[in-house]
Amino acid sequence: MGQRERGELIVGLDVGTTKICAVVGEAKTTGVDIIGVGLHPSVGLRKGVVVNIESTVASIRKAVEEAELMAGCEISSVYVGIAGSHVKGLNSDGMIAVKDRVIRQADIDRVVEQAQALSIPLDREVIHILPQEFVLDGQGGIQNPLGMTGVRLEARVHIVTGAVTAAHNLIKCCNQAGLDVSDIVLESLASAAAVLTPEEMEFGVALLDIGGGTSDLAIFHGDAIKHTFVLGLGGNNLTNDLAVGLRTPINEAERLKINFGSALASLVEKDRSVEVPSVGNRKPRVLSQKVLGDILEPRVEEIITIVDQEMVKANCKGLVTSGVVLTGGTSQTRHIVEIAEQIFDLPVRVGTPREIGGLKGIVDSPAYATAVGLVLYGTRHEGGRKFRIRDEKIFGRVAGRMKRWFGSLMSS
């Protein structure tokens, strides 16, 4: 495959705690074809946040090189996902008086600006301003008020903020790996673009992306985002629990978790056994597979219970008519759907990337949901200048593009 024209390709980069994944998508009139995938273990992150720039840069380079090789192209800019428990979401309202009764784009921009006029601490920055609904003279549920007539316009938006340093370091890593960043995107928002159906987003759905370092929740209802939440627990906690509980090295604990682990010990067949390597030069032991379930179940239960409590606290559980969609690498743990259905008391399914062409077989796994979602996000929000970290006004530019996108989202 020859080198392609720049601009035809959109690249999603999922800089995760466990793995770094680069996915190259080609925009087609019918949708997106995946034409390249690169995957490399991640060593410079903890709980979704960069803690070692050098290691992260090296891992990004390797994942990107692999994707370039497969796609037969050169990657110069990426949409990168952000996670970590520093990410916080909040709902905000704004209200303006309409000057000459007809709603123009300037009025929409002004009411959105009003809604985001919150006192955000200096160490935090706005990552997304996401539309929920507009209210015109008390009439709610309006997706796009452009051209309507009224005197009082209100906007309800969901604002996602993150630690400036975490976002700064993420962009710095990409830049040092030779990449421009087209935008930073909340990972659960990206995953939602890849795995949720329009019907689920309309009727109400909770997306829970359980990665290596974090579990990211996004709740949608009436085609709008209602709540976001990031929990600093994930698949790495399961691996560590196994390593400690079985007294086995971390890499062996990871292998045992993937091959033999279960989130519900009662569903493991009693007579199944597994060989567990020991630390040092001690002999391996043979244990019942149920022991793995006994260790993993409390941690999975803890993660899902905290998320369930968050949904209740945010008054969002009643909105989740369609149920819960699990994605991310940890959602592949055996029997996790059964334990999630017990705790949430809602229907649960595992979500894999949908509505894509090309190398669909390669990315047909919950582990690729974020990276594929970043590509889909990029196709919907194309345009805007690329930015590098040396540009001090980087976040002003992000906010400016958010506003423009807000307008384009309303009209799409």
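All residue numbers in this chain count up from 1 along the given sequence. Basis for what follows: all heavy atoms, side chains included, without hydrogens, waters or symmetry-related copies.
Between Leu118 and Leu90 the shortest side-chain heavy-atom distance falls below 4.5 Å. Using a 4.5 Å cut-off on side-chain heavy atoms (C-beta onward), Glu187 and Val87 make no contact. Contact annotation: the side chain of Leu374 never approaches that of Val23 to less than 4.5 Å [non-hydrogen atoms, C-beta and beyond]. Contact annotation: the side chain of Val372 never approaches that of Val195 to less than 4.5 Å [non-hydrogen atoms, C-beta and beyond]. Using a 4.5 Å heavy-atom threshold, the side chains of Asn52 and Val43 count as separate. Between Ile35 and Leu9, the closest side-chain pair of non-hydrogen atoms falls below 4.5 Å. The shortest side-chain heavy-atom distance between Glu26 and Cys73 does not fall under the 4.5 Å cut-off. You'll find the side chain of Val50 stays beyond 4.5 Å of the side chain of His168, heavy atoms only.
With values rounded to the nearest 0.5 angstrom, Gln139 atom CD is found 8.5 Å from Leu136 atom CG. Put simply, OG1 on Thr214 and NE2 on His86 are 9.0 Å apart, with the number rounded to the nearest 0.5 Å. From Ile343, atom CD1 reaches atom CD of Glu301 across 5.0 Å, with rounding to the nearest 0.5 Å. Gln332 contributes atom CD, which lies 11.5 Å from atom CG of Leu326 (distance to the nearest 0.5 angstrom). If you take CG on Leu45 and OG1 on Thr18, they are separated by 9.5 Å, rounding to the nearest 0.5 Å. Here the straight-line distance linking atom CD1 of Ile219 with atom CG of Leu319 works out to 7.5 Å at 0.5 Å rounding.
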> Which is it for Leu246 and Leu292 under the side chain to side chain contact (heavy atoms under 4.5 Å, CB included) test, yes or no, and what are the steps along the way?
Replying inline: CA-CA 8 Å; Leu246 300 174; Leu292 274 67; 4.1 Å; yes
> After noting the C-alpha distance and the side-chain angles of Leu238 and Leu242, does the key distance pass the side chain to side chain contact (heavy atoms under 4.5 Å, CB included) rule?
Replying inline: CA-CA 6 Å; Leu238 300 179; Leu242 276 185; over 6 Å; no
>> Pair Leu359, Val363 - check side chain to side chain contact (heavy atoms under 4.5 Å, CB included), show working.
In response: CA-CA 7 Å; Leu359 305 171; Val363 295; 5.8 Å; no
> Can you list the steps and then say if Val276 with Arg247 is a side chain to side chain contact (heavy atoms under 4.5 Å, CB included)?
Replying inline: CA-CA 9 Å; Val276 178; Arg247 296 189 299 282; over 6 Å; no
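Listed for the Glu297 side chain is a donor-acceptor partner under 3.5 Å among the backbone atoms of Ala265. Of the possible polar contacts, one joining the Arg334 side chain to the Asn259 backbone as a donor-acceptor pair under 3.5 Å is found. With hydrogens and angles disregarded, no donor-acceptor distance shorter than 3.5 Å links the side chain of Gln289 to the backbone of Val274. Distance alone, capped at 3.5 Å, is enough to place a donor-acceptor pair between the Glu341 side chain and the Val348 backbone. A donor-acceptor distance shorter than 3.5 angstrom exists from the side chain of Asn144 to the backbone of Leu146, with no hydrogens or angles considered. In this structure, Ser92 contributes its side chain and Gln116 its backbone to no donor-acceptor pair below 3.5 Å. With Lys88 contributing its side chain and Arg124 its backbone, the two residues share no donor-acceptor pair below 3.5 Å. In this structure a side-chain-to-backbone donor-acceptor pair under 3.5 Å is missing from Glu252 to Pro249. At least one donor-acceptor pair closer than 3.5 Å links the side chain of Lys317 to the backbone N or O of Phe344. In this structure, Ser77 contributes its side chain and Val181 its backbone to no donor-acceptor pair below 3.5 Å.
Taking the charged nitrogens against the carboxylate oxygens, Glu113 and Arg110 have no contact shorter than 4.0 Å, which rules out a salt bridge. Salt bridge status for Asp107 with Lys99: absent, with no side-chain N to carboxylate O gap under 4.0 Å.
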All N/O donor-acceptor pairs, side-chain side in residues 222-233, below 3.5 Å, sequence neighbours left out:
{"unit_1": "His227", "atom_1": "NE2", "unit_2": "Glu310", "atom_2": "OE2", "d": "2.7"}
{"unit_1": "Thr228", "atom_1": "OG1", "unit_2": "His158", "atom_2": "NE2", "d": "2.7"}

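Between Ile303 and Ser215, the shortest heavy-atom contact is CG2-OG, 3.6 Å. Closest non-hydrogen pair, Val57 versus Gln176, comes out as CG2-CB, 3.7 Å. Taking every heavy atom of both residues into account, Ile10 and Gly378 meet most closely at CG2-CA, 3.8 Å. When all heavy atoms are compared, the tightest approach of Leu376 to Thr379 is O-OG1, 2.6 Å. Contact detail for Ser365 and Pro353: the closest heavy-atom pair is O-CD, 3.4 Å. Residue Ile20 comes nearest to Ser42 through the heavy atom pair CG1-CB, 3.8 Å, listed as atom of the first residue, atom of the second, then distance.
A 6.0 Å sphere centred on CD of Glu302 holds more than 12 heavy atoms belonging to other residues, nucleotides or ligands. Within 6.0 Å of the CG atom in Asp123, the count of heavy atoms belonging to other residues, nucleotides or ligands exceeds 12. Within 6.0 Å of CZ on Arg272 lie no more than 12 heavy atoms contributed by other residues, nucleotides or ligands.
Results of the side chain to side chain donor-acceptor pair (under 3.5 Å) test with Asp209 over Ser331, Ser188, Ser191 single out Ser191 as the only residue that passes. Among Val15, Val11, Asp183, the single residue meeting the side-chain contact (heavy atoms from CB on, under 4.5 Å) criterion with Val80 is Val15.
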